[in-house]
There are 2 protein chains.
Amino acid sequence: MSKCEQCIIRQFNALRALQKDDLIRLSGCKTTHTIKKGEIIFEEGDNVNGVYCIKDGVCKLSKLSANGKDQIVKLVVRGDLLGQRSLISDEAANLSAVAINDMQVCFIPKHEIIHDLTHNINFSVDMLKDMAEELKLADKVIVDMAQKSVKQRLAETLLYLQTNFGEDDNGFLNIVLTRDDYANIVGTATESAIRILSQFKKEGLISTEGKQIKIENSKALKLIE
Amino acid sequence: MSKCEQCIIRQFNALRALQKDDLIRLSGCKTTHTIKKGEIIFEEGDNVNGVYCIKDGVCKLSKLSANGKDQIVKLVVRGDLLGQRSLISDEAANLSAVAINDMQVCFIPKHEIIHDLTHNINFSVDMLKDMAEELKLADKVIVDMAQKSVKQRLAETLLYLQTNFGEDDNGFLNIVLTRDDYANIVGTATESAIRILSQFKKEGLISTEGKQIKIENSKALKLIE
DNA sequence: AAAAAAATATGATATTTATCAGTTTTTAGT
DNA sequence: ACTAAAAACTGATAAATATCATATTTTTTT
């Protein structure tokens with residue numbers, strides 16, 4: 001089993017603030033898990049009882065709305081923590097987490113995190129900084145949802161995926177989402193998302209091969225209105 | 001000048017975690033301000049250099065979108081802190097803050113807050129809890145924006161104002177917003193907000209007298225779809 | 001490899017929301 | 001109290017988006 005002291009992933013989140021002895025303690029109580037694509041990590045209302053540190057893979061954080069549609073609020077990726085919001089508020093999960101592809105995660109029990117939060121001020125301040133960044137991003141999403149068209153949001157989502165996940169040797173986005181996921185990220189009907197992607201394809205902005213998407217003209221995508 | 005040690009407002013925010021000697025120190029460096037309705041407290045891009053503790057009044061936190069419309073992200077009220085997000089991230093303001101009615105605020109310089117954040121773990125954890133709560137609310141707004149109709153959002157906004165600001169002796173909401181503000185909260189065109197309010201009036205769900213709004217049938221408002 | 005299921009795609013149409021243009025009412029300033 | 005400006009309102013129309021129906025393609029299961 002890998003050791004927290006030697007894990008480089010922690011540099012990407014608040015765990016970077018921990019010292020060697022803390023990390024050794026974490027190593028002793030953490031559990032490592034493989035999560036298959038499509039598996040539910042936790043659902044709204046679940047007691048999470050700890051924090052996941054994402055070593056590899058991606059999951060979607062979503063919330064079920066009254067009309068039965070899932071809204072994806074955030075993609076959680078390698079290096080991110082998962083579950084810290086609920087842990088800090090000491091509440092059941094507010095969002096559901098579902099794996100988008102195969103994942104490797106470490107689970108750190110709640111009491112260990114609480115211990116560090118209440119004894120290591122660097123850790124709590126770093127956690128606070130991470131949370132402040134998340135809040136800023138959430139505010140941006142609110143404004144985009146309220147003021148931009150579905151087409152603009154879908155174009156931005158594609159560009160976001162390009163910059164954050166990169167492209168493979170053939171130029172396809174390094175993350176594969178269903179059309180339904182795209183719809184649930186931009187907040188529209190699945191048919192609408194499909195239609196707009198088809199339109200982008202016709203206009204030569206993207207090309208597709210099954211679920212895979214290649215961005216052909218990112219400049220034009222940025223100019224969509 | 002009033003003293004932080006005796007101020008009850010701090011019970012509503014993270015400042016509750018501070019001890020008497022910290023509060024006396026704050027009292028010595030804080031400044032008290034009266035802000036008139038419509039005045040700008042800070043704008044996107046400004047360096048805020050501290051945190052405002054709202055003693056009275058309400059302000060809107062908004063962001064200008066590309067199409068020139070302001071999106072109101074949050075109403076900041078008595079007891080709330082203002083400016084802490086930017087301070088923690090050590091960035092210029094991400095949102096603008098404008099007074100919706102006359103306000104009384106205390107301004108606490110940045111270095112004092114930083115001092116407490118890095119020396120008082122109860123304070124940083126409390127700040128973290130407040131921020132986690134804000135993030136949860138922001139996530140809810142994202143889902144509402146994405147999945148609910150303008151009419152639903154406007155109905156919910158009215159109910160939110162009723163529960164959070166209450167009503168005066170005549171039954172009018174204890175907060176007065178312009179139709180433009182309503183539009184900027186729900187993320188729609190001003191005319192659309194006006195039109196829906198008119199419709200609510202015709203249906204007997206609300207009544208109005210100038211800018212003042214009275215909720216006549218909250219049960220029916222909850223059932224809007 | 002065949003069958004079943006799921007996902008993608010497209011057309012037709014309905015509904016929602018934005019935009020433009022103009023009127024009336026309210027508010028603020030002198 | 002009068003005037004100018006701002007805000008609220010309404011109608012007509014255009015544009016965006018959702019919904020329903022159905023066909024096709026892709027993926028999964030047997």
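Proteins come first, then strands; the chains are lettered A, B, ... in the order of their sequence lines, and each starts at number 1.
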Return the value, rounded to whole Å, for the distance between atom NZ of A:Lys211 and atom C1' of C:dA7.
6 Å

Does C:dT8 have its OP1 or OP2 closer than 4.0 Å to a side-chain nitrogen or oxygen of A:Thr190?
no

Please report the interatomic distance CG(B:Asn217) to NZ(B:Lys222), rounded to the nearest 0.5 Å.
9.5 Å

Out of C:dT17, C:dT19, C:dT10, which nucleotide sits closest to the side chain of B:Ala189?
C:dT19

Tabulate below the donor-acceptor pairs under 3.5 Å that side-chain atoms of residues 60-67 of chain B make, not counting sequence neighbours, or state none.
| residue | atom | partner | partner atom | Å |
| --- | --- | --- | --- | --- |
| B:Lys60 | NZ | B:Asp181 | OD1 | 2.8 |
| B:Ser62 | OG | B:Asp70 | OD2 | 3.3 |
| B:Lys63 | NZ | B:Asn94 | O | 3.3 |
| B:Lys63 | NZ | B:Asn94 | OD1 | 3.1 |
| B:Ser65 | OG | B:Asn67 | OD1 | 2.6 |
| B:Ser65 | OG | B:Lys69 | O | 3.1 |
| B:Asn67 | OD1 | B:Lys69 | N | 3.0 |
| B:Asn67 | ND2 | A:Gln147 | O | 3.3 |

Taking C-beta and beyond as the side chain, do A:Ile41 and A:Leu82 meet within less than 4.5 Å on heavy atoms?
yes

Between A:Leu75 and A:Ile100, which heavy-atom pair has the shortest distance, and what is it?
CD2-CD1, 3.7 Å

Hey, where on DNA chain D does chain A first and last touch, going 5' to 3'? Cut-off is any atom under 4.0 Å from a heavy atom.
D:dT17 to D:dC20

What integer distance in Å separates A:Gln212:CD from C:dT8:P?
13 Å

Please determine whether a side-chain nitrogen of the Lys or Arg among A:Asp80 and A:Lys55 lies less than 4.0 Å from a carboxylate oxygen of the Asp or Glu.
no

Between B:Thr34 and B:Gln104, does any side-chain donor sit less than 3.5 Å from a side-chain acceptor?
yes

Decide if atom NZ of B:Lys214 counts as having more than 12 heavy atoms of other residues, nucleotides or ligands within a radius under 6.0 Å.
yes

Rounded to whole Å, the CD1-P distance (B:Ile224 to C:dT15) equals 17 Å

So, is B:Arg195 close to the C:dT17 phosphate, meaning a side-chain N or O under 4.0 Å from OP1 or OP2?
no

With a 4.5 Å limit on heavy-atom distance, are the side chains of B:Asp139 and A:Arg85 in contact?
no

Estimate the overall bend of the helix from C:dA1-D:dT30 to C:dT30-D:dA1 from the end axes over five pairs each, rounded to 10 degrees.
60°

Ranking C:dC20, C:dA18, C:dT8 by distance to the side chain of B:Thr188, first place goes to C:dA18

Below the 4.0 Å mark, does C:dA9 have OP1 or OP2 next to a side-chain nitrogen or oxygen of A:Lys201?
yes

For DNA chain D, whose closest nucleotide is more 5', that of A:Gly210 or that of A:Arg153?
A:Arg153

